[in-house]
Amino acid sequence: MPVLRSVLSLPPSPSLSLSLPPSVSEIASPLEEDRGRARCCSASFYCQILGSLDVWINADAKTNREVILEKQMTGHRVDRSICAWFWDYVLSQGGDSSKILPVIASPTHYLFQIFREGITFLACAQVEMPPLMGIEFLCRVADVLTDYLGGLNEDLIKDNFIIVYELLDEMMDNGFPLTTEPSILREMIAPPNIVSKMLSVVTGKSSNVSNTLPDATSSFIPWRKSDMKNASNEVYVNLVEEMDAVVNREGVLVKCEIYGEIQVNSNLPGLPDLTLSFANPTILNDVRFHPCVRFRPWESDQILSFVPPDGQFKLMSYRVKKLKSTPIYVKPQLTSDAGNCRINVLVGIRNDPGKTIDSITVQFQLPLCVASADLASNHGTVDILADKTCNWSIGRIPKDKSPSLSGNLVLEGGLDRLHVFPVLKVGFKIMGVALSGLQIDKLDIKNTPARPYKGFRALTQAGEYEVRS
């Protein structure tokens, strides 16, 4: 296996959920596509997986770069300048890490990066290697830190840098991924809480690492204890989907697809064996599984057979492509003349999903050439921020009228017409419906002392839903 060094570059707050199998070769499917939604870059987390480990956070990725945590893992050091080179590259490409290619060749390294919730994870290697190994490990690091710290931002890392040190020590051994299963790590390293912080201040003992090795480390099911005892005896399965869509200026749906996750919350005693089947599994593409899923039953019968971890975890992710319609429509109209631009945006229901469409929002960036704006709506609230971002919060669409936003934009002097048109980003949420059409057929549970309770729920929300004006 080639030696891998890696770098993590984070600007704040994420959310993720993964688990590395005992062998990298057992990863059931390729790289999880980044589901991050860009926010401002205000912090950076940097680590080298097989040389040194450096963690640094800066208040502004364009100016100050203050190193707050650094740890050398092996004798060979990857110079921190590779991280500075990456940020310079990002700035040269427009400054948006979410739009950067996942694989970049620098003068000295191959770089692999993912972007989630305003955070960029960057890995580097000096020799050619399978990029999935480094990317998968970075996903696990982000997941575990998010799970432990309850989020990921500059203040949380500063307040818990000892735990970050300890976690990285256990997750990596001389540059190679070792223990990345969250359930095992929780037995080895206690998550931070007020009591442990007070005891560390009083006793002077700052370590959270257990003196005993968890039994699961030697088990063939490393994600679960063998003597698990839960009084609730219940399991919940949630279908969580995001719709990505692009509508062009003529109102034609250019792209519409679903990215979905099957999230499970298991509180079952003993060593249960679960089988989850679907009524229409053929619609699924780009499937990706938790390591607990047995791959052969899926290959032969497209059935998910697994022994679940305890608690919440992501069982599977998938994609459903080439959908024909969206639940709502957004129709923008812009006409400009003599230094003014008239804007009108109409929102309505295109295909009724049978459930209430809630939390509808429309957001767009006013062009730089707009000097002032006067916008109003017949439903909801309209806010124009200092950075010229317009937020229209609609909520639910009333039955007696279609929400509309209208107003006038005054252009800067010397401009008669608007030449740069905004892109509208649409948000919505629908409880109780999976718009992909995926249907769960049944969930069978074996090896439980009593009949457990089974719950199912679905949620669809907007992902990257863009309407060109």
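This is a predicted model, so every value here is computed, not measured.
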- [ ] Show the numbers, then the answer: is there a side chain to side chain contact (heavy atoms under 4.5 Å, CB included) between I440 and L239?
- [x] CA-CA 9 Å; I440 294 177; L239 289 180; 4.2 Å; yes
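- V345 has its side chain within reach of L424: a pair of non-hydrogen atoms, C-beta onward, lies under 4.5 Å apart.
- N285 contributes a side-chain N or O that, together with a main-chain N or O of I283, makes up a donor-acceptor pair within less than 3.5 Å.
- A donor-acceptor distance shorter than 3.5 angstrom exists from the side chain of H379 to the backbone of R396, with no hydrogens or angles considered.
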Open item on the list: Let's go through K99 and Q93 carefully: what are the C-alpha distance in whole Å and the side-chain angles of both, what is the deciding distance for side chain to side chain contact (heavy atoms under 4.5 Å, CB included) to 0.1 Å, and is it a yes or a no?
Closed with: CA-CA 8 Å; K99 306 299 182 183; Q93 300 297 314; over 6 Å; no
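- L253 and L323 make their closest contact through CD2-O, 4.1 Å (heavy atoms, listed as atom of the first residue, atom of the second, distance).
- Scanning both residues, F428 and I328, for their nearest heavy atoms gives CD2-CD1, 4.1 Å.
- At distances below 3.5 Å, at least one donor-acceptor pair connects side-chain atoms of E241 with backbone N or O atoms of L435.
- Formation of a donor-acceptor pair under 3.5 Å by the T460 side chain with backbone atoms of V433 is found in this model.
- Looking at I397 and I357, their side chains never come closer than 4.5 Å, going by heavy atoms from C-beta outward.
- Smallest separation of non-hydrogen atoms from N267 and N265: ND2-OD1, 3.4 Å.
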TODO: Would you please test Y89 and L111 for side chain to side chain contact (heavy atoms under 4.5 Å, CB included) and show each step?
DONE: CA-CA 11 Å; Y89 177 83; L111 304 181; over 6 Å; no
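- Of the possible polar contacts, none joining the N238 side chain to the V240 backbone as a donor-acceptor pair under 3.5 Å is found.
- Of the residues listed (K324, R319, K322, K321), the one engaging E257 in a salt bridge (Lys or Arg N to Asp or Glu O under 4.0 Å) is R319, and it is the only one.
- To the nearest 0.5 angstrom, L375 atom CG is 6.5 Å from L366 atom CG.
- Listed for the N280 side chain is a donor-acceptor partner under 3.5 Å among the backbone atoms of G437.
- Side-chain contact between L315 and C292 is present, with heavy atoms from C-beta onward closer than 4.5 Å.
- Between S336 and F421 there is no side-chain heavy-atom pair separated by less than 4.5 Å.
- Q113 places a side-chain N or O within 3.5 Å of a backbone atom of L101 that can act as its donor or acceptor partner.
- Between F278 and L304 there is a side-chain heavy-atom pair separated by less than 4.5 Å.
- Crowding of K355 atom NZ: a count of heavy atoms from other residues, nucleotides or ligands under 6.0 Å not exceeding 12.
- Interatomic distance, R417 CZ to T335 OG1, rounded to the nearest 0.5 Å: 8.5 Å.
- Among the candidates I303, L443, I445, the single residue satisfying the side chain to side chain contact (heavy atoms under 4.5 Å, CB included) test with T275 is I303.
- Interatomic distance, CG of N344 versus OG of S469, reported as 12.0 Å (0.5 Å rounding).
- For K401, the NZ atom counts as densely surrounded, since its 6.0 Å shell holds more than 12 non-hydrogen atoms of other residues, nucleotides or ligands.
- Screening residues 439-460 for ring-ring contact (aromatic ring centres under 6.0 Å, His included), with sequence neighbours left out, gives Y236-Y453.
- Closest approach of Q302 to P281, counting heavy atoms only: OE1-CG, 3.5 Å.
- Minimum interatomic distance between P367 and L418 (heavy atoms only, all atoms of both residues): CG-CD1, 3.9 Å.
- The structure places OG of S372 at 9.0 Å from NZ of K388, a figure rounded to the nearest 0.5 Å.
- A donor-acceptor contact shorter than 3.5 Å links the side chain of W223 to the backbone of V307.
- Counting heavy atoms from C-beta on, the side chains of V320 and L284 come closer than 4.5 Å.
- Within 6.0 Å of CD in Q333 there are 12 or fewer heavy atoms belonging to other residues, nucleotides or ligands.
- Put simply, CG on N340 and CG on N408 are 4.5 Å apart, with the number rounded to the nearest 0.5 Å.
- Under a 3.5 Å cut-off, the side chain of D358 and the backbone N or O of K429 do not form any donor-acceptor pair.
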TODO: Check the pair C369, V420 against side chain to side chain contact (heavy atoms under 4.5 Å, CB included), reporting the backbone distance first and the verdict last.
DONE: CA-CA 8 Å; C369 60; V420 179; 5.6 Å; no
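- Contact check for S317 versus E261: side-chain heavy atoms found under the 4.5 Å cut-off.
- Side-chain contact between P332 and I343 is absent, with no heavy-atom pair separated by less than 4.5 Å.
- The closest donor-acceptor contact from the side chain of D244 to the backbone of E464 lies under 3.5 Å.
- Separation of atoms CZ (F306) and CG (D273) is listed at 9.0 Å; rounding is to 0.5 Å.
- Of all heavy-atom pairs between A434 and A458, the closest is N-CB, 4.0 Å.
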